[in-house]
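Structure first, commentary second.
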Amino acid sequence: MSKQHLGHTARKRFGQNFLHDQYIISQIVSAIAPKSGQNLVEIGPGLGAITEPVCELVDKLTVVELDRDLAARLRTHPFIASKLNIIESDALRYDFTQLLEDGNPLRIFGNLPYNISTPLMFHLFSFADKVQDMHFMLQKEVVKRLAASPGGKDYGRLSVMAQYHCQVIPVLEVPPGAFKPAPKVDSAVVRLVPHKVKPVQVNRLEDLNRVCALAFNQRRKTIRNSLRELIDEQTFETLGLNPDLRAENLSLKDFAALANHIKPEDQA
C-alpha cells in the first residue's frame, strides 16, 4: 500500500503515521475499555483506526483533529459520523475543560503525533484533576521517559512532572510495521491515571516546574550550580540534600522539597 492510504496522504508536518495492524488496534481498544456514558475524547483520530472500533462500543465520542481533510472525512463517515463530536482544533492549545459535563471526568486517548507528544503531555497534565485516565500511543523512548526512575538517562523533567500528576503504566509495545508509513522508531502504549491525592505536597506547581526545568536543562551540572538562582546553600543542608548531586539523582520527593524552599524573592 502506498502512502496514499484511503485517499489521504500522510503529512510529514503533522507527524502522521497511520495505524493499520488489526491485532494491535484491538489490544489498544481493550486497554482503553470504552463504555457508553463515559466522556471519551480522542486526540488525532487520523483515518479512524481506533475511532471506528471505539464507536462500535459507545454511543458518542469527541475527537480533536487539526487536519481539515481528516476532519471532513470523519464528518461524512458512513458508519460513525452520527456518534462523533468533531472539534477542529490544535490539541496543544485546546481548553479541554470545555468538554466537561455533569462532573463526568474525561477519558482521553490517541495515537499522538511524535512531534508534539511531549508538549502535549505537559498541556494535558494541567487538566489532570478533570481526567479519569489517558491512553496514548507514543514513541517507546517517550514512554520510557514517562516511567523512568531516578538514576538513568531516561529520567528527566517529563518523568518528574508525569509522576507528580499520574500513575504511569506501560501497556504494550508496538513495532514500526503496525503503521503506514512505518516510522523509524518503536512505539508503545501507556496508561496515565491521575492521582486522586498527589504523592508529594507542592505549594506552587509553577515552582516545581521551574526547579525541574532549571535542573534538567543543565543536567551535567551539580544542583548547587544549576539551581543557584533559586536555592541557597543553607537550604540543601536543611533538606539533607547533597548539593553535589545531579538532577537525575533526585527523586520527585526531593524536587518537591526544593520547590517548597525557593528563595522568597524568587516567588514573585
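The model shown is predicted, which means the values in this text are computed figures rather than measured ones.
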According to side chain to side chain donor-acceptor pair (under 3.5 Å), who are the partners of Thr118, at least two apart in sequence or on a separate chain?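 Counting only residues at least two positions away or on another chain, Thr118 forms no side chain to side chain donor-acceptor pair (under 3.5 Å).
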Under the rule for side-chain contact (heavy atoms from CB on, under 4.5 Å), what residues qualify as partners of Ser30, not counting sequence neighbours?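 None.
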Residue pairs, two or more places apart or on separate chains, that pass side chain to side chain donor-acceptor pair (under 3.5 Å) and touch residues 119-133: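 As it turns out, the side chain to side chain donor-acceptor pair (under 3.5 Å) pairs with a partner in residues 119-133, which skip direct neighbours, are Arg107-Asp133.
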Only pairs at least two apart or in different chains count here, so list each side chain to side chain donor-acceptor pair (under 3.5 Å) that has a residue in residues 230-250.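 Found Arg219-Glu248, Arg224-Glu233, Arg224-Asp244, Asp232-Thr235.
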Running the 4.5 Å side-chain criterion over Ile, Leu, Val, Met, Phe, Trp and Tyr, what cluster does Val197 land in, apart from itself?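 For Val197, no cluster forms, as it stays isolated from other hydrophobic side chains.
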Which residues satisfy the ring pair (Phe, Tyr, Trp, His ring centres under 6.0 Å) test with Tyr164, sequence neighbours excluded?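 Partners of Tyr164 under the ring pair (Phe, Tyr, Trp, His ring centres under 6.0 Å) test: none.
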All ring pair (Phe, Tyr, Trp, His ring centres under 6.0 Å) counterparts of His135, not counting sequence neighbours: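 Listed in chain order: nothing, the list is empty.
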Salt bridge (Lys or Arg N to Asp or Glu O under 4.0 Å) partners for Glu52, two or more places apart: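 Listed in chain order: nothing, the list is empty.
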Results of salt bridge (Lys or Arg N to Asp or Glu O under 4.0 Å) for Lys221 - residues two or more places apart only: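 Expected list: none.
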Taking only distance into account, with no hydrogens and no angle test, what donor-acceptor pairs under 3.5 Å do side-chain atoms of residues 170-179 form with protein atoms, sequence neighbours excluded?
unit_1 : atom_1 : unit_2 : atom_2 : d
Glu173 : OE1    : Lys140 : NZ     : 3.3

Shared hydrophobic cluster, Ile116 / Leu192 (ILVMFWY, side-chain heavy atoms < 4.5 Å):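 Yes: a chain of side-chain contacts under 4.5 Å links Ile116 to Leu192.
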Shared ILVMFWY cluster between Leu146 and Val200, side chains joined below 4.5 angstrom?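 In one cluster: yes.
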Which atom pairs, one a donor and one an acceptor, fall under 3.5 Å between side chains of residues 152-162 and the rest of the protein, sequence neighbours left out?
unit_1 : atom_1 : unit_2 : atom_2 : d
Tyr155 : OH     : Leu250 : O      : 2.6
Arg157 : NH2    : Asn209 : OD1    : 3.2
Ser159 : OG     : Arg145 : O      : 2.6
Ser159 : OG     : Gly156 : N      : 2.9
Ser159 : OG     : Gly156 : O      : 3.4

Supply the atom-to-atom distance Asn39 CG to Leu106 CG, rounded to the nearest 0.5 angstrom.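 It comes to 5.0 Å.
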To the nearest 0.5 Å, what is the distance between CG (Leu230) and CD1 (Ile262)?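 If we round to the nearest 0.5 Å, Leu230:CG and Ile262:CD1 are 5.0 Å apart.
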Pairs involving residues 233-260, ordered by first then second residue, that meet ring-ring contact (aromatic ring centres under 6.0 Å, His included) (sequence neighbours left out):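 Of all non-adjacent pairs touching residues 233-260, those that pass ring-ring contact (aromatic ring centres under 6.0 Å, His included) are Phe216-Phe255.
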